[in-house]
Amino acid sequence: AESFVLLKNDNNLLPLKGCRKVAVVGPLADSKANMAGSWKYDEQTKSYHGLVEDLQESLGNGVEVVFAKGSNLVDDSVYEANFTDQNRSTRDDRSDEQLIAEALKVAEGADVIIAALGESIDMSGEGASRAILEMPQTQKKLLDAIQKTGKPIVMVLFTGRPLALQSEEKQVNAILNVWFGGTEAGAAIADVLTGKVSPTGKLTMSFPRVTGQCPIYYNHKMTGRPMSPDAWYTRYVSNYIDVLNEPLYPFGYGLSYTTFSYSAPQSTQKEYTRQETISVSVTVTNTGDRDGEETVQLYVNDKVASVVRPVKELKAFKKIFLKAGESKTVQFDISPLALGFYDAAMNYVVEPGEFEIMTGCNSNDLQTISVKLIN
């Protein structure tokens, strides 16, 4: 469960509370064969549960958990057969309309809908790439239909890579990215959904808004025409005209069932020699009403160098536990060698100059101080 990433949680819908009936829908909702991921040899699906059974066990007998597949993985049966191991195939021969109607039927009277959507294990991994990162169309149709019920929706996202979720993000109230968590993924997902465990994962990849933004990554080089973050489309900036430049979810992003605030970073000195360790500290406070863990991240930008450097680079991180209301000061000790790079002659060098040091909860939400490295 520590690898699961909570991407959205409007009005603290998660963890689930006060539910009498929970509807679970989606082609990945009860597919045990898709739990283990693509890098496995021979999983024994009879020896573990799927999400529906584990969620019922976690919620207890006082809550009714109902299930309907709602859609196939993709529209085209031939296409699905080409990429899916037939031993794992769970394709339903009913029409999209029939599958959606069944999902809407089981959702009647439900307090919340859990939509298990995304990609199967056959859609990522070695030799298994799709050309686009959007959700398959048949799953989009299911999500459109259940959104019209007006019920709160939690999307449990199965994927082995970033997906472009710009439209889906607007349709659901919460998103829990669970990757392919292994044979015990169903139990772990249920524990997070019901609050027995708080999600603590952070994204190791940026999630784009649309496929056309790719490649997209946080540690890119500075452009020749840097853009003001408040600008839209003008002739003086480099920007898309139909979508923001920023990813939907940046590298290092991940929510919790509590909230955290960060002080500005502090350094013990303004200048360091290339023989001194750079010391930076930041105070993190759990501002919520629940204990939780947070991954504090430190990034560095070399302002001027003989070789163009990335706008920021992750140099250190620490995971800390904070009780509700508790504050802790986190100290990072950075070796000057960590500020070096390979120059044009492929020599590893540590050049003097100004460095921006940034701390925060992800690669976008950062506070900055500057220090100088001197000879």
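- When hydrophobic residues (I, L, V, M, F, W, Y) are linked wherever their side-chain heavy atoms come within less than 4.5 Å, V308 remains an isolated member.
- To the nearest 0.5 angstrom, L7 atom CG is 6.0 Å from F207 atom CZ.
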*Apply side-chain contact (heavy atoms from CB on, under 4.5 Å) to I357 and L298, showing your working.*
CA-CA 7 Å; I357 298 180; L298 182 143; 3.8 Å; yes
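- The 12-atom threshold is not exceeded at CD of E57, counting heavy atoms of other residues, nucleotides or ligands nearer than 6.0 Å.
- For R91 (side chain) and V74 (main-chain N/O), a donor-acceptor pair under 3.5 Å exists by modelled atom type.
- Atom CD1 of I175 sits about 7.5 Å away from atom CG of L157, to the nearest 0.5 Å.
- Looking at K8, its side chain does come within 3.5 Å of a backbone N or O of E169 through a donor-acceptor pair.
- Using a 4.5 Å heavy-atom cutoff, the side chains of V52 and V65 are in contact.
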Can you list, pair by pair, the side-chain donor-acceptor contacts under 3.5 Å of residues 277-284, counting residues two or more places apart and other chains?
unit_1	atom_1	unit_2	atom_2	d
S279	OG	Q331	NE2	3.4
T283	OG1	T329	OG1	3.0

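- Proximity of P310 to K221: side-chain heavy atoms (C-beta onward) are separated by under 4.5 Å at one or more points.
- Remark: E2 pairs with K319 by the salt bridge (charged side-chain N to carboxylate O under 4.0 Å, His left out) rule, at least two apart or across chains.
- By the criterion of side-chain heavy atoms lying less than 4.5 angstrom apart, applied directly or through intervening Ile, Leu, Val, Met, Phe, Trp or Tyr residues, F341 is not grouped with V300; the two fall into different hydrophobic clusters.
- T194 places a side-chain N or O within donor-acceptor distance of the main-chain N or O of A190, the cut-off being under 3.5 Å.
- Cluster membership for I114 and L143, using ILVMFWY side-chain heavy atoms within less than 4.5 angstrom, is shared.
- Taken from CG in L117 to CG in L73, the straight-line distance is 10.0 Å, to the nearest 0.5 Å.
- T285 places no side-chain N or O within 3.5 Å of a backbone atom of T287 that could act as its donor or acceptor partner.
- Of the possible donor and acceptor atoms, one in the side chain of K315 sits under 3.5 Å from a partner among the backbone N and O of A338.
- Annotation for K318 and F332: closest pair CG-CE2, 3.8 Å, computed over non-hydrogen atoms.
- To the nearest 0.5 Å, atoms CG (L163) and CE (M205) are separated by 9.5 Å.
- In this structure the side chain of N362 never reaches within 4.5 angstrom of the side chain of K202, judged on heavy atoms.
- Shown are V172, N173, V22, T149; of these, the side-chain contact (heavy atoms from CB on, under 4.5 Å) with I113 is made only by T149.
- Proximity of Q139 to P27: side-chain heavy atoms (C-beta onward) are separated by under 4.5 Å at one or more points.
- Heavy-atom minimum distance, A23 versus A107: CB-CA, 3.8 Å.
- Not a single donor-acceptor pair under 3.5 Å links the side chain of N286 to the backbone N or O of F260.
- Both F4 and L165 are members of a single hydrophobic cluster when ILVMFWY side chains are connected at heavy-atom separations under 4.5 Å.
- Note: the hydrophobic cluster containing Y79 also contains L142 (ILVMFWY, side chain heavy atoms under 4.5 Å, direct or indirect links).
- When atom types are taken as modelled, the side chain of T211 and the backbone of L133 share a donor-acceptor pair closer than 3.5 angstrom.
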*Could you walk me through whether E351 and S306 pass the side-chain hydrogen bond (donor to acceptor under 3.5 Å, both in side chains) test, one step at a time?*
CA-CA 8 Å; E351 296 181 346; S306 60; 2.5 Å; yes
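- Remark: side-chain polar atoms of E276 are paired, donor with acceptor, to backbone N or O of T273 under 3.5 angstrom.
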*Determine, step by step, whether Y249 and L255 satisfy the side-chain contact (heavy atoms from CB on, under 4.5 Å) criterion, reporting the C-alpha distance in whole Å, the side-chain angles of both residues, the deciding distance to 0.1 Å, and the verdict.*
CA-CA 11 Å; Y249 298 113; L255 303 176; over 6 Å; no
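- In N347, the CG atom is crowded: over 12 heavy atoms of neighbouring residues, nucleotides or ligands sit closer than 6.0 Å.
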_The test is side-chain contact (heavy atoms from CB on, under 4.5 Å); show your working for Q367 and S263 and say whether it passes._
CA-CA 8 Å; Q367 297 184 72; S263 72; 5.7 Å; no
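- Hydrophobic cluster membership for F321: none, as no Ile, Leu, Val, Met, Phe, Trp or Tyr side chain comes under 4.5 Å of it.
- Transitive grouping of hydrophobic side chains (ILVMFWY, heavy atoms separated by less than 4.5 Å) keeps V304 and F355 in distinct clusters.
- Residues V192 and Y257 have side chains in contact (heavy-atom distance under 4.5 Å, counting atoms from C-beta outward).
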*Could you go step by step and tell me if K141 and D96 meet the salt bridge (Lys or Arg N to Asp or Glu O under 4.0 Å) rule?*
CA-CA 8 Å; K141 289 169 65 176; D96 287 353; 2.9 Å; yes
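- Taking 4.0 Å as the cut-off between side-chain N and carboxylate O, E134 and K140 do not count as a salt-bridged pair.
- Of all the heavy atoms in P336 and V350, the pair that sits closest is O-CG1, 3.5 Å.
- Considering only heavy atoms from C-beta on, F180 comes within 4.5 Å of S124 through its side chain.
- Heavy-atom neighbours of Y348 OH from other residues, nucleotides or ligands within 6.0 Å: above the threshold of 12.
- Looking only at distances, no side-chain donor or acceptor of E294 sits under 3.5 Å from a matching main-chain atom of V296.
- Considering every non-hydrogen atom in both A324 and D289, the closest pair reads CB-C, 3.7 Å.
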_CA sep, side-chain torsions, deciding dist, call: E356, T368, side-chain hydrogen bond (donor to acceptor under 3.5 Å, both in side chains)_ = CA-CA 6 Å; E356 288 184 336; T368 304; 5.3 Å; no
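- Here the OG-CG distance, from S58 to L193, works out to 8.0 Å after rounding to the nearest 0.5 Å.
- Not one N or O on the side chain of Q56 forms a donor-acceptor pair closer than 3.5 Å with the backbone of V66.
- Taken to the nearest 0.5 Å, the CG atom of N34 stands 12.5 Å off from the CG atom of L51.
- The side chain to side chain donor-acceptor pair (under 3.5 Å) test applied to N375 returns R274, not counting sequence neighbours.
- Side chains of Y342 and V307 form no contact here, defined as non-hydrogen atoms less than 4.5 Å apart.
- Between the side chains of D144 and Q171, at least one donor-acceptor pair of N or O atoms lies under 3.5 Å.
- Between I146 and K151, the closest side-chain pair of non-hydrogen atoms is not below 4.5 Å.
- By the 6.0 Å contact criterion, CZ on R94 is enclosed, its count of non-hydrogen atoms from other residues, nucleotides or ligands being greater than 12.
- By the neighbour-count criterion of 12 heavy atoms within 6.0 Å, atom NZ of K17 is densely surrounded, having more than that number from other residues, nucleotides or ligands.
- In the hydrophobic clustering, L314 connects to Y218, F251, Y299, F317, M358, L366, either directly or through intervening members, whenever side-chain heavy atoms lie under 4.5 Å apart.
- Summarising the geometry of V210 relative to A164, their closest heavy-atom pair is CA-CB, 3.7 Å, with the distance given to 0.1 Å.
- Here the closest heavy-atom approach between residue M123 and residue P136 is recorded as CE-CG, 4.4 Å.
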*Mind running side-chain contact (heavy atoms from CB on, under 4.5 Å) on D291 and T258 for me, showing each step along the way?*
CA-CA 7 Å; D291 299 348; T258 188; over 6 Å; no
